[in-house]
Colleague: 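Questions regarding the structure given below will be posed in turn.
If you're wondering where the values come from, they're calculated on a predicted model, not measured in any experiment. Residue numbers start from 1 in every chain, and the chains themselves are labelled A, B, ... in the order their sequence lines are given, proteins ahead of strands.
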There are 2 protein chains.
Amino acid sequence: MTTITFERADSWIATPPSSQSESFLNAVLVVRRIVAEHHDRPSLVSRVACEVGAEIIENIRQSGEDLSSVELAERYETSRTPIREALLLLEKEGLVRIPQRRRPHVAVLDIAEVREIYRVRAVLFGAVASDAATLRTEEDMEALRDLLARLSAAHDAHDLSAYLWANVEFYNRLTIAARNATAKRILDSLLLRTLRLRRLSLSQPTRREKSMAHHIQIMNALEEQDAPLADVLIRSNHLHALAVLEQIYAEGGVPSPTRSRRRRRQAATAAEEE
Amino acid sequence: MTTITFERADSWIATPPSSQSESFLNAVLVVRRIVAEHHDRPSLVSRVACEVGAEIIENIRQSGEDLSSVELAERYETSRTPIREALLLLEKEGLVRIPQRRRPHVAVLDIAEVREIYRVRAVLFGAVASDAATLRTEEDMEALRDLLARLSAAHDAHDLSAYLWANVEFYNRLTIAARNATAKRILDSLLLRTLRLRRLSLSQPTRREKSMAHHIQIMNALEEQDAPLADVLIRSNHLHALAVLEQIYAEGGVPSPTRSRRRRRQAATAAEEE
DNA sequence: GTCGAGAATTATGTCGACATACCTGCATCC
DNA sequence: GGATGCAGGTATGTCGACATAATTCTCGAC
């Protein structure tokens, strides 16, 4: 349980330790909503999938890191069969890669894939927002207004973590309003893949300002049921977010994959010393 | 190995028995391309997944039919573990549903889901075709011209099965030309889900004529690198195909889910009698 | 004759074990 | 000194078995 906090150059608060685990809890909930969609009851498999998935999107497990089934089986005090299944669930969501006869590992997100994902998201989310603007009920709007308020509060309080998760919830509610479960599933999956990078993307102060302004615009488009505007706004925002990420990747802001062997060794020796 | 052929009201040839199994082989290949993407080597799991998947899209296994893991394990002379994993792969592609602690079964495609899928496909495929029109190489065009010729030949020969598979290949080549693997994966998965219905949709003579004309138009748009036109054409075609399916569903042209219990019983007794 | 509760049966989820393929470290060779 | 091949160790894929939940069958009541 690390208590290290990072002082940031800008005025936003450093994430306090308690909020660290709160963010992790949010991550677990989001992962559960997406990967364990039909595993409604808390089964062993879904628990493992949710926790490991959350560790990935919270960058506790880094890109390329090995996910040995025996190691995980020991940690969760179970056999390798449920672990295997949990990893398959995560592979389905693109968080994990499982090559044949090789160790499963955390999927590596290179810029080419990020580009692809954001382009698909831009198009699909645009269409979904367009539908949402048309089909939205008053109940949808109330929920979205609440979330916009939460977003705004987090923005004013300069709380990055709170802003991030409110953002996720806002988009979630928006996709629900479009009433297309298939589209929602795809968007959720794509979101999950890039959730690891969200902190990077929104770490720039100007990006945060733009994001907040963007959400207000979206909300207006929804209030006025202006479907084409909602479409364009969403697409524009996604392509802009992609541009930011392209820049961060170009500057080497994304750590390269860990040499997994090392980490495994460390884990092994740690276990021996216990 | 059934040899029953259906005489159709229109002039298209009844599918001969040999072509039945040829169609099944095509189905296996398409399923392999999509579900066993990274299972390059012929492993046990991918073999089962491909065959069962092909049986589903060829309507050999009907909507809602049970897929008992013990039954499949016996049939493929293996244990239940690989079967389980194969079914998970198929669930990932939406062909199979695996409720907790209940028997896995062939996913049921109701009209609401078909509607969702076609709408997502329309939007996403439109964007992909648009990209393809821009990014296409001469190599892409040659492959597409060949496929258009195959399509045309099948159309002239009134061979429904050949037309269907050439159609699938055409779309496959088109998505490759757009050079977005993420979009391609999603479109492939969506295609797989509705492949069961393709025969229905294209069984109408007028629909086939329109489809053929549509492909020629698409090809022209690609030749002239007219991205917006490609987008609109694809979207229009998909929404039209959806309208046809809506009508077929409304007329009850889609058989309702089989009572799975009965089928299982039959299989069990057949095994005993051997 | 139909419906409902309980027993018997069956299938699933999980487990521990084994064979095989892979990874790692070391010795050898160029 | 760096690359290559081999041997030991280790993780994976698969298996058969068991506990438990779900389904089916049976019997009885209304």
Side-chain angles (χ1 to χ4, degrees), chain A residues 36 38-50 52 64-91 96-106 257-272, chain B residues 36 38-50 52 64-91 96-106 257-272:
Chain A
H38 298 295
H39 284 243
D40 21 334
R41 267 180 301 186
S43 83
L44 194 50
V45 170
S46 75
R47 199 173 76 89
V48 175
C50 291
V52 175
E65 185 178 330
D66 276 0
L67 294 166
S68 157
S69 59
V70 290
E71 199 183 311
L72 288 169
E74 278 173 24
R75 179 170 145 195
Y76 287 99
E77 292 176 349
T78 174
S79 76
R80 277 172 41 238
T81 312
I83 300 291
R84 202 177 155 68
E85 194 169 320
L87 291 177
L88 281 169
L89 279 181
L90 292 175
E91 192 194 30
V96 167
R97 285 292 322 269
I98 310 180
Q100 283 196 324
R101 273 272 171 199
R102 271 183 196 76
R103 230 167 264 122
H105 54 86
V106 178
T258 55
R259 290 257 53 81
S260 48
R261 204 182 326 142
R262 182 66 55 88
R263 288 192 67 89
R264 246 181 56 245
R265 278 288 164 184
Q266 285 180 347
T269 40
E272 280 170 23
Chain B
H38 298 295
H39 285 242
D40 21 332
R41 266 180 304 186
S43 82
L44 195 51
V45 170
S46 74
R47 199 174 76 89
V48 175
C50 291
V52 174
E65 184 178 331
D66 275 359
L67 294 166
S68 158
S69 59
V70 291
E71 198 183 312
L72 288 169
E74 281 174 22
R75 180 171 143 191
Y76 288 99
E77 293 177 348
T78 175
S79 77
R80 276 171 43 237
T81 311
I83 300 291
R84 201 176 156 70
E85 193 169 320
L87 291 177
L88 282 168
L89 279 181
L90 292 175
E91 192 194 30
V96 166
R97 284 291 322 269
I98 310 180
Q100 283 196 325
R101 275 271 171 202
R102 271 183 195 77
R103 233 168 262 125
H105 55 85
V106 178
T258 55
R259 290 256 54 81
S260 48
R261 202 183 327 141
R262 181 66 56 89
R263 288 192 67 90
R264 248 182 51 247
R265 276 289 164 187
Q266 286 180 345
T269 40
E272 280 171 24

Colleague: Between atom NE2 in A/H105 and atom P in D/dT12, what is the gap in whole Å?
Modeller: 12 Å

Colleague: If I take atom CD in residue B/Q100 and atom P in nucleotide C/dT14, what distance separates them, rounded to the nearest angstrom?
Modeller: 8 Å

Colleague: Less than 4.0 angstrom between a side-chain N/O of A/T78 and OP1 or OP2 of C/dC15, yes or no?
Modeller: yes

Colleague: Any non-hydrogen side-chain atom of A/E91 less than 4.5 Å from a side-chain atom of A/L88?
Modeller: yes

Colleague: Could you tell me if the side chain of A/S69 sits less than 4.5 Å from the side chain of A/R80, heavy atoms only?
Modeller: yes

Colleague: Is there side-chain contact between A/L67 and A/L90, with heavy atoms separated by less than 4.5 Å?
Modeller: no

Colleague: Specify the separation, in whole Å, of atom CD of A/E77 and atom P of C/dT14.
Modeller: 15 Å

Colleague: B/E85 CD to C/dT12 C1': how many Å, rounded?
Modeller: 17 Å

Colleague: Using a cut-off of strictly less than 4.0 Å, decide whether A/T81 has a side-chain nitrogen or oxygen near OP1 or OP2 of C/dC15.
Modeller: no

Colleague: Do the side chains of A/P99 and A/H105 get nearer than 4.5 Å, heavy atoms only?
Modeller: yes

Colleague: Quick check: does any side chain N or O of A/E85 sit under 3.5 Å from a backbone N or O of A/V45, one acting as donor and the other as acceptor?
Modeller: no

Colleague: Quick one: does A/R80 reach the base of D/dG13 with a side-chain donor-acceptor pair under 3.5 Å?
Modeller: yes

Colleague: What is the separation between atom CD1 on A/I83 and atom C1' on C/dT14, rounded to the nearest whole Å?
Modeller: 12 Å

Colleague: Hey, is the side chain of A/R103 poking within less than 4.0 Å of OP1 or OP2 on C/dC22, counting only N and O atoms?
Modeller: no

Colleague: Give a yes/no answer on whether the side chain of A/R102 brings an N or O atom under 4.0 Å of OP1 or OP2 in C/dC23.
Modeller: yes

Colleague: Separation of B/E74 atom CD from D/dC15 atom P, in whole Å?
Modeller: 14 Å

Colleague: Please tell me if A/S79 has a side-chain N or O lying less than 4.0 Å from either OP1 or OP2 of C/dC15.
Modeller: yes

Colleague: Using whole Å, what does the distance between atom P of nucleotide D/dT14 and atom CD1 of A/I98 come to?
Modeller: 13 Å

Colleague: Return yes if the base of D/dT12 and the side-chain atoms of A/R84 contain a donor-acceptor N/O pair under 3.5 Å, otherwise no.
Modeller: no

Colleague: Could you give the CG-to-P distance, from A/L88 to C/dG13, as a whole number of Å?
Modeller: 14 Å

